[in-house]
Amino acid sequence: RQHHSFIRLPDDNYKPRVFDPRSGFNGLSFMDYASPINEDIRTRYITRHRLEKKDPTAAISEPVEPITYYVDRGAPEPIKSALIEGASWWNQAFEAAGYKDAFIVKEMPADADPMDVRYNLIQWVHRSTRGWSYGASVADPRTGEIIKGHVSLGSLRVRQDYLIAQGLFSPFRDGSNNDEQLMKLALARLRQLSAHEVGHTIGLAHNFASSTNDRASVMDYPHPLVVLSEGEMSIDRVYDNKIGEWDKRTILYGYADFTEEVDEDQALQTILHENDEMGLVYISDRDARPQSGAHPYAHLWDNGADPVAELYRLSEVRQHALNKFGLSSLKERQPMGTLENVLVPLYLSHRYQVEAVAKLVGGLHYTYAVKDQSVQPVNVVDNQMQKAALNALLETVSPSYLEIPESIISLIPPMPIGYSRGRENFKIKTGNTFDPLSAAESAMHHTFSFILNKSRMARINEYHARGLQSMGVADLLNTIEMTTRDLNHTGLALQLALLREKVFIHHLMRLIADDSASDQVKAITLHHLNRIKGDLASRSSNQYTLEHKLYLNNLIERFIKNPKDFKFPSPPPMPDGSPIGCSVEW
């Protein structure tokens with residue numbers, strides 16, 4: 001068994017490695033009040049396991065003691081094998097760093113306690129809902145040395161991946177319950193997830209820009225890459241099946257064993273400069289998670305080097321799957337009311353790529369640079385790229401994009417006895433019946449909330465004032481208004497078009513009423529809202545659009561008269577989505 005002492009003696013020969021924000025590692029820090037005045041009072045180290053070569057002079061050497069991880073014996077097959085395989089990918093990175101057989105994955109001994117600090121563990125756990133997986137560790141607070149890595153994987157999460165595949169492929173035709181393709185996708189995700197969470201426990205942080213670098217890291221959140229070719233969908237590359245180039249470079253920084261003759265600090269700096277030369281991009285949580293994020297390539301659950309092109313590609317896959325969706329989306333004897341459960345992740349499959357594209361609007365290229373000769377300036381995203389992103393986003397709120405076909409609506413009855421609506425269903429306004437309008441409204445609200453985010457709007461205003469781009473706040477609002485004023489539709493599509501303009505105006509009013517929004521942005525938006533009100537009277541109308549005009553006119557009047565006391569309409573929230581495998585994973 002691998003053994004670690006829980007507390008190491010002060011004269012231990014473990015050498016901490018300095019944290020650098022470009023390295024891809026999580027950091028550990030503490031205040032050193034004895035440090036000289038002209039040096040940083042905070043000491044920062046990376047967190048990493050102890051690993052040394054038997055022969056530091058050899059290009060490839062066995063370790064003095066390998067890093068060994070154990071997989072929960074209680075994980076059923078084929079899950080257990082997938083977890084072992086995915087975790088074992090890390091040996092590829094350690095081989096690239098000069099080690100032979102330095103990372104080993106085994107099944108947990110029968111008599112071992114999962115909480116025993118001597119065992120690095122990948123644990124399979126049950127809980128009431130699907131949720132985040134965790135890669136945690138116990139580390140020496142003085143040095144950053146990891147004593148125990150502990151991965152927790154929830155057993156319900158993989159069922160969400162299976163559900164995503166079920167909606168994409170609708171494979172249950174002619175009474176068949178063959179789900180081989182769905183299992184293949186779910187297990188591929190489990191391998192990647194196992195590698196991801198183990199990555200945290202060996203010290204690595206998220207890299208949410210790696211999806212734009214040809215899947216350079218398993219430390220990103222991957223969206224399933226389903227490829228549509230000649231009318232057929234393939235999952236051959238649905239998730240990665242190996243460790244990434246960025247992961248190899250981070251392991252090299254954290255675990256390379258240098259001889260005494262080598263200047264370690266200079267060697268580490270060389271690794272980081274080589275990363276830049278290789279075109280590897282690293283952006284982590286704080287820059288990628290917020291709705292207001294500015295980095296154009298820092299996203300969760302996205303794919304592709306070009307976010308706009310990927311949104312169009314993904315939309316084609318989505319439409320293809322919706323065209324096939326129906327009875328073949330359910331196994332035999334499943335209640336028809338549960339068809340909505342399968343529809344939700346498919347209908348909203350574009351939601352994360354929308355977030356990725358929105359970050360191009362008002363976006364800013366930057367890195368975690370430090371002062372040296374290779375510092376790159378920050379640069380605003382190209383103006384034409386921002387406009388292309390805006391146009392792509394507006395397509396996702398169009399009636400044609402969000403209208404659910406009658407062939408699907410007519411198949412979904414209310415939930416039967418013994419079943420109930422839950423947090424992952426659409427939020428509805430129709431009592432207990434399926435509500436296609438509320439499903440679309442939540443998707444519209446999602447897109448507009450990203451486009452009209454107050455921080456994003458403030459950046460657009462600033463960049464325009466600095467002469468860095470031609471698109472200002474007024475230009476953006478005019479572009480959106482021209483789209484939302486198109487009411488040339490009939491039937492359900494007309495209702496969606498009316499709803500789209502209402503949601504847009506609701507967001508304008510929320511922006512104006514936000515005390516923390518930029519005053520100039522609010523001024524421009526208020527002017528735009530007043531102009532919309534003035535234009536309403538001149539619009540031609542039929543019965544539906546007349547009622548719509550009266551509603552908007554009354555809404556805007558009440559808001560402008562007393563914005564502080566105005567009660568905003570509550571849009572139906574999106575069903576739970578992330579994690580797909582709500583907020584934070586550490």
Side-chain angles (χ1 to χ4, degrees), residues 26 69-72 74-93 103 105 107-108 120-127 129-137 149-166 168 182-208 210-211 215-226 235 237-244 246-247 250 284-285 288-289 299-303 345 352 576-586:
N26 283 314
Y69 271 69
Y70 297 91
V71 173
D72 192 340
E77 290 292 358
I79 288 167
K80 185 190 300 180
S81 294
L83 298 180
I84 291 173
E85 182 181 344
S88 298
W89 294 352
W90 281 107
N91 201 45
Q92 301 166 19
F103 193 85
V105 185
E107 187 174 348
M108 191 78 169
N120 300 306
L121 178 65
I122 302 172
Q123 190 172 22
W124 186 251
V125 298
H126 301 304
R127 53 192 180 194
T129 62
R130 69 180 172 93
W132 296 104
S133 303
Y134 297 92
S137 59
H150 193 127
V151 170
S152 295
L153 302 175
S155 61
L156 286 182
R157 185 168 174 182
V158 68
R159 294 178 181 273
Q160 183 70 5
D161 297 301
Y162 182 97
L163 190 68
I164 291 169
Q166 189 173 339
L168 282 168
L182 314 189
M183 287 295 297
K184 183 178 178 181
L185 183 148
L187 291 174
R189 174 63 180 125
L190 267 184
R191 295 184 193 97
Q192 198 280 339
L193 181 60
S194 179
H196 177 102
E197 298 304 340
V198 168
H200 284 315
T201 69
I202 59 178
L204 276 61
H206 289 127
N207 183 357
F208 288 129
S210 74
S211 56
R215 292 175 164 180
S217 176
V218 298
M219 302 311 295
D220 205 335
Y221 285 179
H223 195 273
L225 181 60
V226 177
I235 59 170
R237 297 184 62 239
V238 64
Y239 293 108
D240 213 342
N241 58 3
K242 65 185 184 309
I243 220 66
W246 170 257
D247 304 319
T250 54
S284 199
D285 293 74
R289 290 186 181 275
H299 323 300
L300 287 61
W301 316 116
D302 67 312
N303 275 312
Y352 303 108
D576 285 1
S578 189
I580 59 166
C582 186
S583 316
V584 182
E585 172 199 85
W586 296 110

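Values in this document were obtained by computation on a predicted structure and should not be read as measured data.
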**Message:** Checking Phe103 against Tyr69 for the side chain to side chain contact (heavy atoms under 4.5 Å, CB included) test, could you report, in this order, the C-alpha distance in whole Å, the side-chain angles of both residues, the deciding distance, and whether it holds?
**Reply:** CA-CA 8 Å; Phe103 193 85; Tyr69 271 69; 3.6 Å; yes

**Message:** Does Gln160 form a side chain to side chain donor-acceptor pair (under 3.5 Å) with Arg157? I'd like the steps, not just the answer.
**Reply:** CA-CA 5 Å; Gln160 183 70 5; Arg157 185 168 174 182; over 6 Å; no

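Residues Ala195 and Gly86 share a closest heavy-atom pair of CB-O, 3.3 Å. Across Asn120 and Gly149, no two heavy atoms sit closer than the pair OD1-N, 2.7 Å. Smallest separation of non-hydrogen atoms from Ala205 and Ser284: CB-OG, 4.0 Å. Across all their heavy atoms, Tyr70 and Glu107 have their closest contact at CD2-O, 3.7 Å. Smallest separation of non-hydrogen atoms from Ile164 and Pro224: CG2-CG, 4.2 Å.
Between Leu83 and Leu153, the closest side-chain pair of non-hydrogen atoms falls below 4.5 Å. Two residues are said to be in side-chain contact when any heavy atoms from C-beta on lie closer than 4.5 Å; Pro76 and Trp124 meet this criterion. Side chains of Ser578 and Trp132 form a contact here, defined as non-hydrogen atoms less than 4.5 Å apart. In this structure the side chain of His206 never reaches within 4.5 angstrom of the side chain of Ser217, judged on heavy atoms. The shortest side-chain heavy-atom distance between His150 and Leu121 falls under the 4.5 Å cut-off. Looking at Arg130 and Pro579, their side chains come closer than 4.5 Å, going by heavy atoms from C-beta outward. The shortest side-chain heavy-atom distance between Val105 and Trp90 does not fall under the 4.5 Å cut-off. Proximity of Leu185 to Tyr239: side-chain heavy atoms (C-beta onward) are separated by under 4.5 Å at one or more points.
The structure places CG of Asp220 at 9.0 Å from CG of Asn303, a figure rounded to the nearest 0.5 Å. From Glu197, atom CD reaches atom CE of Met219 across 7.0 Å, with rounding to the nearest 0.5 Å. Taking CZ from Arg215 and CG from Asn241, the interatomic distance works out to 8.5 Å, rounded to the nearest 0.5 Å. The CG atom of Asp240 sits 12.0 Å away from atom CZ of Arg191, with the distance rounded to the nearest 0.5 Å. Note that CG of Asp285 and CG of Leu300 are 7.5 Å apart. Values are rounded to the nearest 0.5 Å. Atom CD of Gln192 sits about 9.0 Å away from atom CD1 of Ile243, to the nearest 0.5 Å.
Of the possible polar contacts, none joining the Asp247 side chain to the Ala93 backbone as a donor-acceptor pair under 3.5 Å is found.
Other residues, nucleotides and ligands contribute only 12 or fewer heavy atoms inside 6.0 Å of the CZ atom of Arg159.
Donor-acceptor pairing under 3.5 Å is recorded for the side chains of Ser81 and Glu77.
Ring planes of Tyr221 and Phe208: perpendicular class, angle over 60° (limits at 30 and 60°).
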